[in-house]
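Below you'll find the structure, written out as structure tokens, and then a few comments.
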Amino acid sequence: QQMIPLSFQQEQMLYLEGVCEPGSYNLQFIHFFTKHLKIQSLFDALKELFNKHEILRTRILYSDEELYQQIMPNSIKHLEIEQISDKALR
């Protein structure tokens, strides 16, 4: 895996992530499916998405007092599905 220096924009993003409110840059969400979900179709779509967009496979590493990015290979081998009941969410 090649270690690539961060771009100026990536450094800015990390700085802002450190000084802004947590979660102001990265959004987390839960989506509830109300109809039957085709798991294999979802898995195939996610694999294709990760394959096309390196940023979704990029890790930020710290080495020798420098920040680097490392692009991981597209290696999604399985999709972990967890069913949660409405009762568990309350």
Side-chain angles (χ1 to χ4, degrees):
Q1 302 287 337
Q2 184 181 5
M3 303 288 274
I4 306 163
L6 295 184
S7 69
F8 179 70
Q9 291 81 6
Q10 287 172 312
E11 289 178 0
Q12 282 182 316
M13 180 200 66
L14 286 175
Y15 172 76
L16 290 174
E17 187 70 22
V19 296
C20 293
E21 264 185 58
S24 59
Y25 183 78
N26 292 315
L27 301 176
Q28 298 177 12
F29 68 94
I30 297 174
H31 184 80
F32 296 96
F33 294 96
T34 56
K35 296 184 178 181
H36 179 72
L37 176 66
K38 294 180 181 176
I39 302 296
Q40 188 61 47
S41 295
L42 176 63
F43 178 63
D44 293 341
L46 289 172
K47 277 190 346 186
E48 188 67 24
L49 184 69
F50 276 75
N51 191 34
K52 286 184 177 181
H53 300 284
E54 289 180 338
I55 193 66
L56 298 175
R57 297 180 278 121
T58 300
R59 300 189 312 169
I60 305 294
L61 304 170
Y62 185 74
S63 176
D64 298 325
E65 300 185 16
E66 291 288 329
L67 289 169
Y68 293 94
Q69 58 182 313
Q70 183 180 40
I71 301 169
M72 305 302 291
N74 191 4
S75 60
I76 299 176
K77 295 189 180 11
H78 71 282
L79 182 63
E80 195 170 313
I81 302 295
E82 185 174 337
Q83 290 189 338
I84 302 173
S85 68
D86 290 339
K87 193 176 188 181
L89 294 173
R90 295 182 186 145

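Predicted model only: the values in this text are computed from it and were never measured. FYI, side chains are in, hydrogens and waters are out, and symmetry mates aren't considered; it's all heavy atoms of this structure. Residue numbers run from 1 in the order of the sequence given.
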*If every non-hydrogen atom of Q70 is compared with every non-hydrogen atom of L61, which pair is closest and at what distance?*
OE1-CD1, 3.1 Å

*asked:* Just verifying a value: how many Å separate Q10 CD and I4 CD1, rounded to the nearest 0.5 Å?
replied: 9.0 Å

*Side-chain donor/acceptor of R57 to backbone N/O of I71, under 3.5 Å*: no

*asked:* Restricting to side chain to side chain contact (heavy atoms under 4.5 Å, CB included), what partner residues turn up for D44, sequence neighbours left out?
replied: Q40, K47

_Spatial distance of atom CG (D64) from atom CE (M3) [nearest 0.5 Å]_ = 8.5 Å

*Name all residues meeting the side chain to side chain contact (heavy atoms under 4.5 Å, CB included) criterion together with S41; count only those two or more places apart in sequence or in a different chain, and write none if there are none.*
K38

*Under a single-linkage definition using a 4.5 Å side-chain heavy-atom cutoff for Ile, Leu, Val, Met, Phe, Trp and Tyr, are L46 and L37 assigned to the same hydrophobic cluster?*
yes

*Side-chain contact, heavy-atom cut-off 4.5 Å: Q69 with R59?*
no

*Set of residues satisfying side chain to side chain contact (heavy atoms under 4.5 Å, CB included) with respect to E65, sequence neighbours excluded*: Y62

*Which distance, rounded to the nearest 0.5 Å, do you find between the CZ of F43 and the NZ of K77?*
9.0 Å

*Taking only residues two or more places apart in sequence or in another chain, which ones pass side chain to side chain donor-acceptor pair (under 3.5 Å) with E48?*
none

*Under the side chain to side chain contact (heavy atoms under 4.5 Å, CB included) test, which residues partner L14, sequence neighbours left out?*
L6, I60, L67

*Answer with yes or no whether the hydrophobic clustering places F50 together with I39; edges join I, L, V, M, F, W, Y residues whose side-chain heavy atoms lie under 4.5 Å apart.*
yes

